[in-house]
Colleague: 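If you scroll down you'll find the structure; I have some questions about it.
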Protein chains: 2
Amino acid sequence: MDAFAAIADPVRRSLLERLASGPARVVDLAAEHPISRPAISKHLRLLVEAGLVAADQHGRERHYRLVRAGLAPVRSWTDALVRTAPPIPASALDGLDLEVRRTSRDRRGTPTPRTHEETA
Amino acid sequence: MDAFAAIADPVRRSLLERLASGPARVVDLAAEHPISRPAISKHLRLLVEAGLVAADQHGRERHYRLVRAGLAPVRSWTDALVRTAPPIPASALDGLDLEVRRTSRDRRGTPTPRTHEETA
DNA sequence: AGAATCGGTAACCGTTGTGTTACCAATAGG
DNA sequence: CCTATTGGTAACACAACGGTTACCGATTCT
């Protein structure tokens with residue numbers, strides 16, 4: 001499971017938020033959540049597999065900790081999407097008015113992209 | 001469906017990436033993907049519901065466009081998690097060495113948080 | 001040694017998600 | 001007017017998800 005699917009579950013996000021304040025054991029996390037310990041254990045296994053969490057073994061105890069670097073794929077992807085705002089300097093639009101009018105009925109498959117409104 | 005679950009699916013991420021380069025119709029998106037048109041349609045419905053996409057009706061055609069603001073929840077959440085790196089100025093650690101040694105075996109439920117290594 | 005704690009895993013089950021095909025309404029075009 | 005295109009939706013099949021209980025091994029403490 002990748003990081004995107006990992007953070008899709010509210011329980012797992014809650015676990016990550018908890019681990020952000022310091023490592024914890026499975027029993028600790030289970031005590032702080034309304035679901036059973038095996039359920040927590042399974043979520044943690046997915047989070048480890050996704051690279052968002054790591055575990056340190058101390059005798060019979062296992063201390064899970066947050067691996068912030070695992071969020072890098074999510075951050076870079078969202079950043080890339082948000083940053084694709086069309087640059088298009090106003091100078092490039094000079095004298096385009098007549099051209100747009102001529103082709104307004106031809107290019108059906110590729111409608112003119114919005115450059116204002118909710119494109120922000 | 002919220003934005004987190006929306007971007008968990010690879011197909012939907014692909015759709016969002018495509019819409020980042022300009023609006024498109026369902027048939028266009030279906031032609032660019034290996035799945036059927038109804039499947040695309042259902043994904044788009046979820047994306048609209050998640051606030052990541054909006055549609056403009058033009059006669060019988062429907063032009064879907066990316067709504068970048070819909071990613072705000074994901075960005076703010078990931079930012080918050082990453083930014084929880086323990087500040088802890090070095091000055092606050094002065095004279096703590098003796099204290100730590102005294103309690104190292106007592107505080108079992110709340111182990112000492114990592115402040116180095118993969119915590120980054 | 002014996003009891004208790006920690007924690008993983010197997011087996012099972014209901015729900016949800018993702019795809020398909022088939023069908024339908026609405027609009028555009030010859 | 002008739003046909004083609006666009007696109008939503010219903011019905012269905014199958015896989016995956018998220019939870020439970022039961023059971024197990026390993027370690028720690030008395």
Side-chain angles (χ1 to χ4, degrees), chain A residues 1-16 18-19 22-50 52-65 103-112, chain B residues 1-16 18-19 22-50 52-65 104-111:
Chain A
M1 181 164 301
D2 63 348
F4 290 92
I7 65 171
D9 189 279
V11 174
R12 285 194 290 270
R13 285 203 298 278
S14 175
L15 290 174
L16 292 175
R18 164 60 182 84
L19 292 179
R25 304 170 301 164
V26 178
V27 283
D28 301 328
L29 298 171
E32 301 164 1
H33 287 264
I35 63 178
S36 66
R37 183 182 53 76
I40 300 284
S41 194
K42 281 204 275 187
H43 281 302
L44 287 172
R45 183 171 55 181
L46 292 187
L47 288 172
V48 169
E49 177 193 346
L52 294 172
V53 157
D56 302 313
Q57 193 90 29
H58 277 69
R60 77 178 161 182
E61 296 184 359
R62 225 170 192 206
H63 296 179
Y64 287 93
R65 67 177 194 277
T103 58
S104 68
R105 199 68 203 116
D106 304 342
R107 309 171 40 82
R108 312 291 315 294
T110 56
T112 314
Chain B
M1 179 166 300
D2 63 346
F4 290 94
I7 65 172
D9 188 281
V11 174
R12 285 193 289 269
R13 285 203 299 278
S14 175
L15 290 174
L16 293 175
R18 164 62 183 80
L19 292 179
R25 304 170 303 164
V26 178
V27 282
D28 301 330
L29 298 171
E32 299 163 1
H33 288 263
I35 63 178
S36 67
R37 183 182 56 74
I40 300 284
S41 193
K42 281 204 274 187
H43 281 302
L44 287 172
R45 184 171 53 181
L46 293 187
L47 288 171
V48 169
E49 180 191 346
L52 294 172
V53 157
D56 301 314
Q57 192 90 28
H58 278 70
R60 76 175 163 186
E61 294 183 358
R62 224 170 194 204
H63 296 179
Y64 287 93
R65 67 177 193 277
S104 67
R105 198 68 203 115
D106 304 340
R107 310 172 40 84
R108 312 291 315 294
T110 56

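In what follows, chains carry the letters A, B, and so on, assigned in the order in which the sequence lines appear, proteins first and then strands, with residues in each chain numbered from 1.
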Colleague: Rounded to whole angstrom units, what separation is found between the OH atom of A:Y64 and the P atom of C:dC6?
Modeller: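 Distance check: A:Y64 OH to C:dC6 P gives 14 Å.
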Colleague: Taking OP1 and OP2 of D:dG19, is either one under 4.0 Å from a side-chain nitrogen or oxygen of A:H43?
Modeller: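 Indeed, a polar side-chain atom of A:H43 lies that close.
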Colleague: Rounded to whole angstroms, how far apart are NE2 on B:H63 and P on C:dT27?
Modeller: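 Atom NE2 in B:H63 sits about 15 Å away from atom P in C:dT27.
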Colleague: Using heavy-atom distances to pick each residue's nearest nucleotide on DNA chain C, tell me which of A:Q57 and A:K42 is more 5'.
Modeller: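 The 5'-side residue here is A:Q57.
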Colleague: Please confirm whether the backbone N or O of B:A5 pairs with a side-chain atom of B:R12, one donor and one acceptor, at under 3.5 Å?
Modeller: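 Side chain of B:R12 to backbone of B:A5: a pair is present.
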Colleague: Could you check whether any side-chain heavy atom of A:V53 comes within less than 4.5 Å of a side-chain heavy atom of A:L46, counting everything from C-beta outward?
Modeller: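 Of all side-chain heavy-atom pairs linking A:L46 with A:V53, none is under 4.5 Å.
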Colleague: I need the CZ-P distance between A:R25 and C:dG8, as an integer number of Å.
Modeller: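 It works out to 12 Å between those atoms.
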Colleague: Stepwise, does the salt bridge (charged side-chain N to carboxylate O under 4.0 Å, His left out) test hold for B:R62 with B:D56?
Modeller: CA-CA 6 Å; B:R62 224 170 194 204; B:D56 301 314; over 6 Å; no
Colleague: Nearest whole Å is fine: how far is C:dG8 C1' from A:R45 CZ?
Modeller: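 In whole Å, C:dG8 C1' and A:R45 CZ are 8 Å from each other.
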Colleague: Taking NZ, NE, NH1 and NH2 as the nitrogens, is one of them in B:D28 or B:R37 under 4.0 Å from a carboxylate oxygen of the other?
Modeller: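 Salt bridge flag = no for B:R37 with B:D28.
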Colleague: Strictly below 4.0 Å: does B:R37 bring a side-chain N or O up to OP1 or OP2 of D:dG7?
Modeller: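 B:R37 to D:dG7 OP1/OP2: no side-chain N or O under 4.0 Å.
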Colleague: Atom CZ of B:R12 to atom C1' of C:dT18: distance rounded to whole Å?
Modeller: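 Whole-Å distance recorded here is 9 Å.
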Colleague: May I have the distance from B:I35 (atom CD1) to C:dG19 (atom P), rounded to whole angstrom?
Modeller: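 In whole Å, C:dG19 P and B:I35 CD1 are 5 Å from each other.
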Colleague: Mark yes or no: A:R25 above the aromatic ring of A:Y64, with NZ or CZ under 6.0 Å from the six-membered ring centre and no more than 45 degrees from the axis.
Modeller: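 No - A:R25 does not lie over the ring of A:Y64 by the 6.0 Å and 45° rule.
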Colleague: Round to a whole Å and report the spacing from CZ of A:R60 to P of D:dG25.
Modeller: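 Roughly 17 Å, once rounded to whole Å.
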Colleague: Closest approach to the side chain of B:P38, judged atom by atom: which nucleotide of C:dA22, C:dG19, C:dT18 is it?
Modeller: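 Nearest nucleotide to the side chain: C:dA22.
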Colleague: Looking at C:dC6, I'd like to know if its phosphate oxygens (OP1 or OP2) sit under 4.0 Å from a side-chain N or O belonging to A:R62.
Modeller: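 A:R62 to C:dC6 OP1/OP2: no side-chain N or O under 4.0 Å.
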Colleague: Pick the closest DNA chain D nucleotide for B:V27 and for A:V11 by heavy atoms, then say which residue is nearer the 5' end.
Modeller: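 Checking each residue's closest nucleotide, the 5'-ward one belongs to B:V27.
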Colleague: Could you give the CD-to-P distance, from A:E61 to D:dT27, as a whole number of Å?
Modeller: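 Value for this atom pair: 13 Å.
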Colleague: Where each residue is assigned the nucleotide of DNA chain D containing its nearest heavy atom, which of A:S36 and A:G59 is assigned the position nearer the 5′ end?
Modeller: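 Its nearest nucleotide lies further toward 5', so the answer is A:S36.
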